[in-house]
Amino acid sequence: MRLSAVKGTYDVLPDDQPRWRALLRSTAEVLGRAGVDEITTPVFEHLEVFEKSVGESADLVVQKEMYTFEDRGGRWLTLRPEFTAGVLRAYIEHGMYTWPAPVKLWSAGPAFRAENVQRGRFRQFHQVNCELIGGRSALLDAEAIALLVDTLRAAGLAGVHVKVGSVGDVDDRERYNAYLRQALAPVADELSEVSRERLRLNPLRVLDSKDARDQALLARLQRPLDLLGPEARAHFDDVVAALRRWDVPFEIDPAIVRGLDYYRFTAFEVHHAGIGAQSALGGGGRYDGLVANLGGPDVPGIGWAFGIERVLDALHGEAVALPGRQRPLAYLVPLDQEAVGEVAALARALRAEHRVEHGYVARNPGKGLRDADRAGAKVAVLRGARERADEHVVVKDLRSGAQQRLALRALAEHLRSVERSEPNPDEAPRHGPESAR
RNA sequence: GUGGAUGUAGCUCAGUCGGUUAGAGCACCGGAUUGUGGUUCCGGGGGUCGAGGGUUCAAAUCCCUUCAUCCACCCCA
């Protein structure tokens, strides 16, 4: 049987690479200006890193969807299903709690979950992750949300919908769960099967129901936001005030819910309408207590992640112009055997400044120009016996068809002027978050 | 784990009352054009019709099984 990529994995082909690079470049720019430094952590960690991060309530599902294996040394290792746990492990391991707070870190790379695939959901997927660690201020919550929005905008996305809510503290959550059980008990028979099951296992998640009748029943109920304690309420109000002051567009979602229970206070999601059922581009929240769970000091933090595949999907849907594969400025055609070596040496010199390709076997001009055309070059440079006689090359502009004989030593300057007159789109400066607004 | 749709050339697809050597467009190679490309014209290579089994004189087509892909459910760090 023919070999194929593993289910849920895929290849990023050359034509797609510039889109990835552009997204990561603008991300690094926006986050860097905000004082967020990049950190790269391993793609696998000790199983315990993820076990401890999800805590006791480690949903069986969550465990089941981790790629865990035993290595030859008998260590139980897990391919990261998310970034936060690994980044916090590094934060603790390197004593970053002694650095001036807050410590701001971002990362990008693959993550792995053994899920069933559908649009926007893969088994190896890629995320950009950002953590602001070591501060309780609501300004950090607002900054995190603003950075997520700014990053997506800098990537060129317009149609992002930001939902902000709060899951409160531990007491708030317990209180709301109790309220839900009590409020829904009388109408349990009218709930969908899925929601009845959720009510039993994890009442909060009933709020996520996609069933219209469920939502009708829920409409009369109080939302988590309505039952927040005074501390969480004040924190949330501060976050909202900061976002409004900064003109960050968002809507309050009083029913926002997180699957894992390490989240405290602020929770947020960013959605996009054009990417199918998995409409979340990303999301995040505050996780006071997580660092302590992982064996570090009791340091609070807030973080988010977005899915690179989903953002690229959304960009495609918005028909945002994205760079394609880079094309050579010049393609050098050897017209005889001796010229093969000559153009190779010439290309090597010209590559100090430009993308230059060349043929590896002697071609007649017809074939050679076709090669140059297919390579997508702006100009073709021909070299054969006639040119060798007086140290010239023939330079042909493949767009206009204009052709000239040029002294070999004048070629570099000529190519420079071609490049100046029509810069490669991939090298053109991209707009920043300001111009995207 | 569940449901639906789809699997035919490198890519996008046509081809079902079962009936010659299975087609198109794009891509690729060659020629028209042995020192001038991209347009055009002519020609060519390329197929276990996802796989296995069955029915039939005859299967891409009908039946069974299986695998894969996509979308959705479930779940969602």
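Lettering follows sequence order; numbering is per chain, from 1.
In this structure, A:L369 atom CG and B:U34 atom P are separated by 14 Å, rounded to whole Å. The separation between A:E193 atom CD and B:U2 atom P is 15 Å, rounded to whole Å. The CG-C1' distance, from A:L382 to B:G37, rounds to 10 Å in whole Å. Atom CG of A:D11 and atom C1' of B:C11 are 15 Å apart (whole Å). Separating the CD atom of A:E309 from the P atom of B:C70 is a distance of 13 Å, rounded to the nearest angstrom. Distance A:E65 CD to B:C75 C1': 6 Å, rounded to the nearest Å. Residue A:R327 contributes atom CZ, which lies 14 Å from atom C1' of B:G38 at whole-angstrom precision. With rounding to whole Å, A:L204 atom CG is found 12 Å from B:A77 atom P.
Ring-plane geometry between A:Y91 and A:Y97 is classed as perpendicular, the angle between the planes exceeding 60 degrees on a 0 to 90 degree scale with a lower cut at 30. Relative orientation of the A:W304 and A:F306 rings is parallel, given thresholds of 30° and 60° on the angle between their planes. Note: A:W20 and A:Y10 have tilted aromatic rings, judged against thresholds of 30 and 60 degrees for the angle between ring planes.
Residues A:R136 and A:D288 are paired through a salt bridge, judged by an N-O separation under 4.0 Å between the basic side chain and the carboxylate. A:R175 and A:D172 are joined by a salt bridge, as a carboxylate oxygen and a charged side-chain nitrogen come within less than 4.0 angstrom of each other. Ion pairing between a basic and an acidic side chain is recognised when a charged N comes within 4.0 Å of a carboxylate O; A:E353 and A:R416 show such pairing. Electrostatic pairing of A:E342 and A:R383 counts as a salt bridge here, judged by a charged N lying under 4.0 Å from a carboxylate O.
Residue contacts shown for A:R386 include a base, since a base heavy atom lies under 4.0 Å away. Among the heavy atoms of the strands lying under 4.0 Å from A:A385 is at least one base atom, whether or not backbone atoms are also near. Within the 4.0 angstrom heavy-atom criterion, base atoms lie near A:R399.
Remark: B:G46 base-pairs with no nucleotide; criterion is Watson-Crick or G-U wobble with both hydrogen-bond distances under 3.5 Å. Judged by Watson-Crick or G-U wobble contacts below 3.5 Å, the nucleotide B:U6 has B:A68 as its partner. Across all strands shown, B:G1 forms a Watson-Crick or G-U wobble pair with B:C73, both key distances being under 3.5 Å. B:U16 makes up no base pair with any nucleotide shown, lacking Watson-Crick or G-U wobble contacts both under 3.5 Å. Both distances falling under 3.5 Å, in either a Watson-Crick or a G-U wobble arrangement, occur for no nucleotide opposite B:G38.
Donor-acceptor pairing under 3.5 Å is lacking for the side chains of A:H272 and A:D313.
Spacing of C1' atoms, B:C64 relative to B:U56, comes out at 16 Å, to the nearest Å. If you take atom C1' in B:G25 and the same atom in B:U8, they sit 15 Å apart, rounded to whole Å. Going from the C1' atom of B:U16 to that of B:U61 covers 5 Å, rounded to whole Å. Spacing between B:U40 and B:C49 at atom P, rounded to whole Å, works out to 33 Å. Rounded to whole Å, the separation between the C1' atoms of B:U55 and B:A14 comes to 27 Å. When the P atom is used for both B:C17 and B:A60, the distance is 14 Å, rounded to whole Å. Across the P atoms, B:C71 and B:G31 are found 44 Å apart, a figure rounded to whole Å.
Contact check, A:R363 against B:G35: no side-chain N or O comes under 4.0 Å of OP1 or OP2. Applying the 4.0 Å criterion to OP1 and OP2 of B:C29, one finds that A:R374 has a side-chain N or O inside that range.
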Restricting both atoms to N or O, compile the protein contacts to nucleotides 71-74 of chain B shorter than 3.5 Å, with distance only.
from  : atom 1 : to     : atom 2 : distance (Å)
B:C71 : OP2    : A:R119 : N      : 2.8
B:A72 : OP1    : A:A277 : N      : 2.7
B:A72 : OP2    : A:Q118 : NE2    : 3.3
B:A72 : OP2    : A:R119 : N      : 3.4
B:C73 : OP1    : A:K210 : NZ     : 2.8
B:C74 : N4     : A:Q118 : OE1    : 3.3
B:C74 : N4     : A:R121 : NH1    : 2.8

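Across A:A108 and A:L24, no two heavy atoms sit closer than the pair CB-CD2, 3.8 Å. What you find for A:G359 and A:V343 is that their closest heavy atoms are O-CG2, 4.1 Å. Shown here for A:R264 and A:D169, the closest heavy-atom pair between the two residues is CD-CA, 4.1 Å.
The 5' end of RNA chain B is approached more closely, in terms of each residue's nearest nucleotide, by A:E387 than by the other of A:P81 and A:E387. Nearest-nucleotide positions on RNA chain B place A:S400 closer to the 5' end than the other of A:S400 and A:K7.
Residue side chain A:D373 does not reach the base of B:G38 through any donor-acceptor N/O pair under 3.5 Å, judged by distance alone.
Of the residues in residues 108-115 of chain A, those with a non-hydrogen atom less than 4.0 angstrom from any atom of RNA chain B are A:R113, A:E115. For RNA chain B, no neighbouring residue in residues 265-273 of chain A is found when judged by any heavy atom under 4.0 Å.
Crowding of A:H94 atom NE2: a count of heavy atoms from other residues, nucleotides or ligands under 6.0 Å exceeding 12.
Within the 4.5 Å cutoff, side-chain heavy atoms of A:E338 are placed close to those of A:R388. Between A:L243 and A:V164, some side-chain heavy-atom pair lies under the 4.5 Å cut-off.
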